[in-house]
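A short worksheet on the structure shown next.
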Amino acid sequence: MSFYDQLPKYITTRQRIMSTVFFTAFFAVVFQLLTVPFIRNTWFHIGSSPSTVLTLLFEVISLGVVVLSKRLIFIAQASGGITYLNYGLRSFGEAVVISSLYTFLTIEGYDYGLLELSGAPNGFMVFIGSFIFCVLCLGFSYVVTAQYFAIMDKNNTIRLMNYSSVVTDTEILPSEEQKITLYDDAGALKLAVSINNIFYIESDDNYIKVWYSDASGAVRQYMLRCRLRTVEESFSGSDLVRCHRKYIVNIKKAEVLRHEKDGYVIDLGLSSIEEIPVSKTYEESVLSKFNSR
C-alpha cells in the first residue's frame with residue numbers, strides 16, 4: 001500500500017461515513033472527559049458558567065467541520081476516487097480548523113472575561129496544544145473505524161469449504177472436494193457452489209459477480225459485496241487464478257488460451273460468456289497454471 005493508492009470504497013460509503021462521524025464524536029467526548037482534568041488552562045465545562053456556552057459552541061462547530069469534511073470526501077470518492085494521501089491531508093485540515101477555532105475562542109473568551117484562566121493565553125501555545133489533542137483524537141477514531149470496516153469487508157463475505165477434511169461414511173466425489181460458500185454481513189449463508197462449477201469471478205466496483213453453472217447446466221451469476229483481492233487471498237492454491245485486475249478465472253474451465261495483438265485471452269467455450277483478457281501482470285502465472293492442468 002502506498003499513499004497514492006485509492007482509498008477502499010468500503011470506508012467511504014454513506015453508512016460507513018456516518019458511523020465514523022458518530023464514533024469520532026463519541027470518542028472525542030470521552031477523551032475530553034478523561035484528559036481535561038489533567039490539562040492546565042483548559043476551559044471545557046458543562047454547567048451554569050459562561051464557559052458552558054463556549055464549550056457547546058465549540059463542540060457543535062467542530063462536529064460540523066468533521067461532517068462537512070466527510071461529506072466532501074464522499075463526493076470525491078463517488079466522482080472518481082480519493083487516495084490515502086488525499087484523505088490524510090483532509091483529516092489534517094480538520095485538525096487545523098478545529099484547533100484554530102479553539103484558539104480563537106480561548107483568546108476572545110479571555111479578553112471578554114468569559115473564561116477564568118490562570119493567565120493570558122499564548123495563542124501559539126494554545127494552538128499547538130489543541131492541535132496535538134485533535135490529531136490524537138481524530139487519528140485514533142479514523143484508524144479504529146477503518147480497521148473495523150476492513151475486517152467486516154474481508155471476513156463476512158466468502159469462505160472456502162474443503163470436504164476432504166470432513167469425516168463421513170460416504171465417498172466424497174472429486175467434484176465435491178471444494179465449495180465456495182458466500183455469506184452476507186449477518187453471517188447468513190447465501191450461496192454454496194462447487195469450484196468445479198465456477199467459470200469466473202468479475203469485479204464490479206465494490207461488488208463481485210460469480211459466474212457459475214447450476215444443476216441443470218445453465219449459466220448464472222451471483223453478486224455480493226466483496227473485494228476481488230479477498231477472493232484471491234481466500235482461494236490461493238485452488239484452480240481459481242487471477243488473470244486481470246477485474247477477473248479471476250477457473251483455469252480448468254479454459255478451453256482455449258489464445259495470444260492476440262493486445263495479449264492473451266481465455267476462451268471458456270461458451271457463447272454466453274465473453275473471452276476473458278489476461279493482463280501482462282498475470283501472464284506468467286496463468287500460463288503456468290494452464291500448462292500444468
Side-chain angles (χ1 to χ4, degrees), residues 1 3 7 11-77 82-151:
M1 184 195 77
F3 289 119
L7 190 72
I11 293 178
T12 54
T13 62
R14 189 184 303 275
Q15 182 180 2
R16 297 289 170 83
I17 285 180
M18 290 176 60
S19 298
T20 300
V21 171
F22 286 134
F23 178 77
T24 301
F26 171 77
F27 179 75
V29 171
V30 173
F31 195 50
Q32 288 172 11
L33 292 175
L34 293 176
T35 57
V36 162
F38 305 99
I39 301 177
R40 180 176 175 270
N41 257 10
T42 189
W43 45 265
F44 288 120
H45 182 74
I46 299 297
S48 58
S49 68
S51 62
T52 297
V53 176
L54 292 181
T55 299
L56 295 177
L57 181 63
F58 174 77
E59 300 288 357
V60 170
I61 296 178
S62 298
L63 181 60
V65 169
V66 173
V67 170
L68 177 60
S69 174
K70 293 297 178 283
R71 174 62 181 171
L72 293 176
I73 288 174
F74 174 77
I75 294 173
Q77 183 74 293
I82 183 171
T83 64
Y84 284 97
L85 178 60
N86 197 310
Y87 185 81
L89 290 175
R90 289 170 185 265
S91 300
F92 180 85
E94 292 174 19
V96 170
V97 172
I98 294 173
S99 301
S100 300
L101 172 66
Y102 179 82
T103 303
F104 173 79
L105 292 177
T106 300
I107 294 174
E108 292 299 310
Y110 179 81
D111 289 343
Y112 283 95
L114 299 176
L115 301 177
E116 296 181 3
L117 303 177
S118 59
N122 181 310
F124 177 76
M125 296 306 297
V126 172
F127 176 83
I128 294 299
S130 59
F131 180 76
I132 294 173
F133 184 95
C134 284
V135 169
L136 292 175
C137 185
L138 296 178
F140 179 83
S141 300
Y142 296 163
V143 169
V144 168
T145 52
Q147 290 298 316
Y148 176 71
F149 296 152
I151 292 172

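The side chain to side chain contact (heavy atoms under 4.5 Å, CB included) search around Arg71 returns Arg14, Phe74, Ile75, not counting sequence neighbours. Annotation: side chain to side chain contact (heavy atoms under 4.5 Å, CB included) contacts of Leu63 (sequence neighbours excluded): Val21, Ala25, Val67. Residues that satisfy the side chain to side chain contact (heavy atoms under 4.5 Å, CB included) test with Val144, not counting sequence neighbours, are Phe23, Phe140. For Tyr110, the side chain to side chain contact (heavy atoms under 4.5 Å, CB included) partners are Leu117, Ala120, Pro121, not counting sequence neighbours.
Rounding to the nearest 0.5 Å places OH of Tyr102 at 11.0 Å from CD1 of Ile107. Distance OG1/Thr12 to CD1/Ile73: 8.5 Å, rounded to 0.5 Å. Lys70 NZ to Met18 CE: the interatomic distance, rounded to the nearest 0.5 Å, is 14.0 Å. Of the inter-residue distances, the one linking Leu101 atom CG with Leu57 atom CG reads 7.0 Å to the nearest 0.5 angstrom. Here the CD1-OG1 distance, from Ile98 to Thr103, works out to 12.0 Å after rounding to the nearest 0.5 Å. The distance from atom CG of Leu89 to atom CD1 of Ile82, rounded to the nearest 0.5 Å, is 9.0 Å.
Taking all atoms of both residues into account, the shortest heavy-atom contact from Thr106 to Leu115 is O-CD1, 3.7 Å. The nearest pair of heavy atoms linking Ser91 to Leu138 is O-CD1, 4.4 Å.
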Would you sort out whether Thr24 and Tyr142 count as a side chain to side chain contact (heavy atoms under 4.5 Å, CB included), showing the intermediate values?
CA-CA 7 Å; Thr24 301; Tyr142 296 163; 3.4 Å; yes
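Sorted by first and then second residue, the salt bridge (Lys or Arg N to Asp or Glu O under 4.0 Å) pairs involving residues 56-65 (not counting sequence neighbours) form an empty list.
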Can you give each donor-acceptor pair under 3.5 Å made by side-chain atoms of residues 126-133, sequence neighbours left out, with the distance rounded to 0.1 Å?
| residue | atom | partner | partner atom | Å |
| --- | --- | --- | --- | --- |
| Ser130 | OG | Val126 | O | 2.9 |
| Ser130 | OG | Phe127 | O | 2.9 |

